[in-house]
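Take a look at the structure below.
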Number of protein chains: 2
Amino acid sequence: MIRPTPAPRATFQEQVLDQLGRDICAGRYRPGEVLPSETELCERFHFSRIVIREAVKSLAAKGMLDVRRKVGTLVQDPAQWNLFDPDIITWRTQSSGVDRTMSRDLMELRRIVEPAAARLAAQRATPEDRRNLRAAYDAMVCAVAGEGDYVAADLAFHTLVLSAGGNQFVRQMHVAMNAILRGSFEIVSQKPGGPAFSLPMHEALCRAIEQGDAAAAERASLVLIDQADHDLLERLDLGG
Amino acid sequence: MIRPTPAPRATFQEQVLDQLGRDICAGRYRPGEVLPSETELCERFHFSRIVIREAVKSLAAKGMLDVRRKVGTLVQDPAQWNLFDPDIITWRTQSSGVDRTMSRDLMELRRIVEPAAARLAAQRATPEDRRNLRAAYDAMVCAVAGEGDYVAADLAFHTLVLSAGGNQFVRQMHVAMNAILRGSFEIVSQKPGGPAFSLPMHEALCRAIEQGDAAAAERASLVLIDQADHDLLERLDLGG
DNA sequence: GGTCGGTTATTTGTATGACGTATTACTTTT
DNA sequence: AAAAGTAATACGTCATACAAATAACCGACC
């Protein structure tokens, strides 16, 4: 379901944006370097200046580039990038396959945010949130039974947990979180009995949020994270 | 030190970008609405299409707009915006003066992230990080003694705490965090003896990180947050 | 010799006019 | 009434030209 290349007939700007974004995330242009001049990029891509300029502007808006007259467009230090930007996350995960540092940072982020999000969800989830969460859990059960995509169902469940607390900044992190969750769930789904084993704790988390039990929700979330970290570290130590 | 209007001779695109960003954050264009067409915006701003288009592209890159052929450019739902984008944070804080929901969400975010960041900092800060942190604390002491800007010094200190853990995603949140910290510190700095009162707990946090005592760092951070929340809630209840 | 000041070259910024293209909405036909 | 065709519309792209900022160079003067 992932589309490695840009949509077949996206606009030219989108194609250039995607290519440059990938190039930078893959390190083909390094921080501090200057990109080729607009005219040179025009020649390379065989597009007009407008197309190149608007792509560059988009990357600058994401904090990846700093464009200055007479000097050119500089690649910014990754600390300046909008790391929660969905495009940047996509490019980074596709290019370097989520490098070791990013994996560690994302695992830490999850451990910091998800239990707190579960707490908030238990305290504040609306009836609709609770229904959606239960529906997402049911979809996971179906997936385990062979009906549907397990990884997608698990991702949807965790995204809902982040949303249900009603905190806009917590919800915003779901794209970044998905990057590490996906890796984790793919490992689980490849283990014989992996998905089935993870179901009970998801059920516990779902029930705790439904019943408004913040402490139980936080505990359940932490157990899931312990399991996931165990799986991921195993894979990382093997040089995955 | 805050510049309410765009820099006097910024490029035209930057002026338009800034104006449109402000307009959207202030609710003068609501989610789901379509912006005026490019030609109409040209007339309003008295700039050429290129200027308008590049400004719109930048906003689209930040997730605020969705531009479609034949239909126009739609204002996206705030859930789609890159809420951690520095520009968006600036526009939101300047336009609505940090509304109640945003304040609540930022306070929660701080309570979730900062104690964990303090933990990480205690565990992993480099010698340079520790020196910088101590220097920032010393600057706060000077500010309390009348030498310098207390709010700026306090902001710098907390930014360093977020950075010292070495987690790129945690560090990235410092701009959002500053939005709520600034409000908090301004209250403190207006209270007689407020800054002086807050110094000892900052010292404790600084020392805990220097000594690698993660639990103490987390505790100190939480105490500071309790104090800040108390101040902020007091102000909010007064309809601030 | 070194510093100051002006000149030049390079790179992005802006303007204009024209045409391409996707998509909605309307109209016509069956 | 449904389907097919058509027209209108708003963004997408191109080519060219010139403006403006600024880094780098060079010469004059102290």
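In what follows, chains carry the letters A, B, and so on, assigned in the order in which the sequence lines appear, proteins first and then strands, with residues in each chain numbered from 1. From a predicted model like this one, the values you see are computed outputs, not experimental measurements.
In this structure B:F84 satisfies the ring pair (Phe, Tyr, Trp, His ring centres under 6.0 Å) test together with A:F84, A:F169, sequence neighbours excluded. Among residues two or more places apart in sequence or in another chain, the side-chain hydrogen bond (donor to acceptor under 3.5 Å, both in side chains) test is passed with B:S58 by none. Residues forming a side-chain hydrogen bond (donor to acceptor under 3.5 Å, both in side chains) with B:N82 (at least two apart in sequence, or on another chain): none. In this structure, the side chain to side chain contact (heavy atoms under 4.5 Å, CB included) partners of B:R111, at least two apart in sequence or on a different chain, are B:L222, B:I225, B:D226, B:D229. Scored by the side chain to side chain contact (heavy atoms under 4.5 Å, CB included) test, B:L133 finds B:F157, B:L160, B:V161, B:C206, B:I209 as partners (sequence neighbours excluded).
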Got a list of side-chain donor-acceptor pairs under 3.5 Å for residues 170-180 of chain A, not counting sequence neighbours?
{"from": "A:Q172", "atom 1": "OE1", "to": "B:L83", "atom 2": "N", "distance (Å)": "2.4"}
{"from": "A:Q172", "atom 1": "NE2", "to": "B:W81", "atom 2": "O", "distance (Å)": "3.0"}
{"from": "A:H174", "atom 1": "ND1", "to": "A:R171", "atom 2": "O", "distance (Å)": "3.3"}

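If you find the closest nucleotide of DNA chain D to B:R53 and to A:R69, the one lying nearer the 5' end belongs to B:R53.
If you take CZ of A:F12 and P of D:dG12, they are 12 Å apart, rounded to a whole angstrom. Residue B:L74 contributes atom CG, which lies 13 Å from atom P of D:dA10 at whole-angstrom precision. In this entry the distance linking CD of A:E14 with P of D:dC11 reads 15 Å, nearest Å. In this structure, the CZ atom of A:R68 is 13 Å from the C1' atom of D:dA21, given to the nearest Å. In this structure, B:Q13 places its CD atom 19 Å from P of D:dA19, rounding to the nearest Å.
Defined by atom type and a distance below 3.5 Å, a donor-acceptor pair is present between the side-chain atoms of B:Y150 and B:S198. No donor-acceptor contact under 3.5 angstrom links the side chains of A:S37 and A:E40, judged on distance only.
Interface residues of residues 36-52 of chain A facing DNA chain D, ordered by number: A:F47, A:S48, A:R49, A:I50, A:V51; criterion, heavy-atom separation under 4.0 Å.
From the 5' end on, the contacts that DNA chain C makes with chain A at under 4.0 Å to a non-hydrogen atom open and close at C:dA9 to C:dT14.
Within the structure, the side-chain hydrogen bond (donor to acceptor under 3.5 Å, both in side chains) test picks out the following pairs touching residues 128-140 of chain A (sequence neighbours left out): A:T126-A:D129, A:R134-A:E203, A:R134-A:E210. Residues in residues 33-54 of chain A take part in these ring-ring contact (aromatic ring centres under 6.0 Å, His included) pairs, two or more places apart or across chains: A:F12-A:F47. Evaluation of the salt bridge (Lys or Arg N to Asp or Glu O under 4.0 Å) test over residues 79-90 of chain A, restricted to residues two or more places apart or in two chains, returns A:K62-A:D85, A:K62-A:D87.
A:E54 comes within contact range of no nucleotide atom at all, as no heavy-atom separation falls under 4.0 Å.
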Restricting to nitrogen or oxygen on both sides, can you table the protein-nucleotides 7-9 of chain D pairs closer than 3.5 Å?
{"from": "D:dT9", "atom 1": "O4'", "to": "B:K70", "atom 2": "NZ", "distance (Å)": "3.1"}

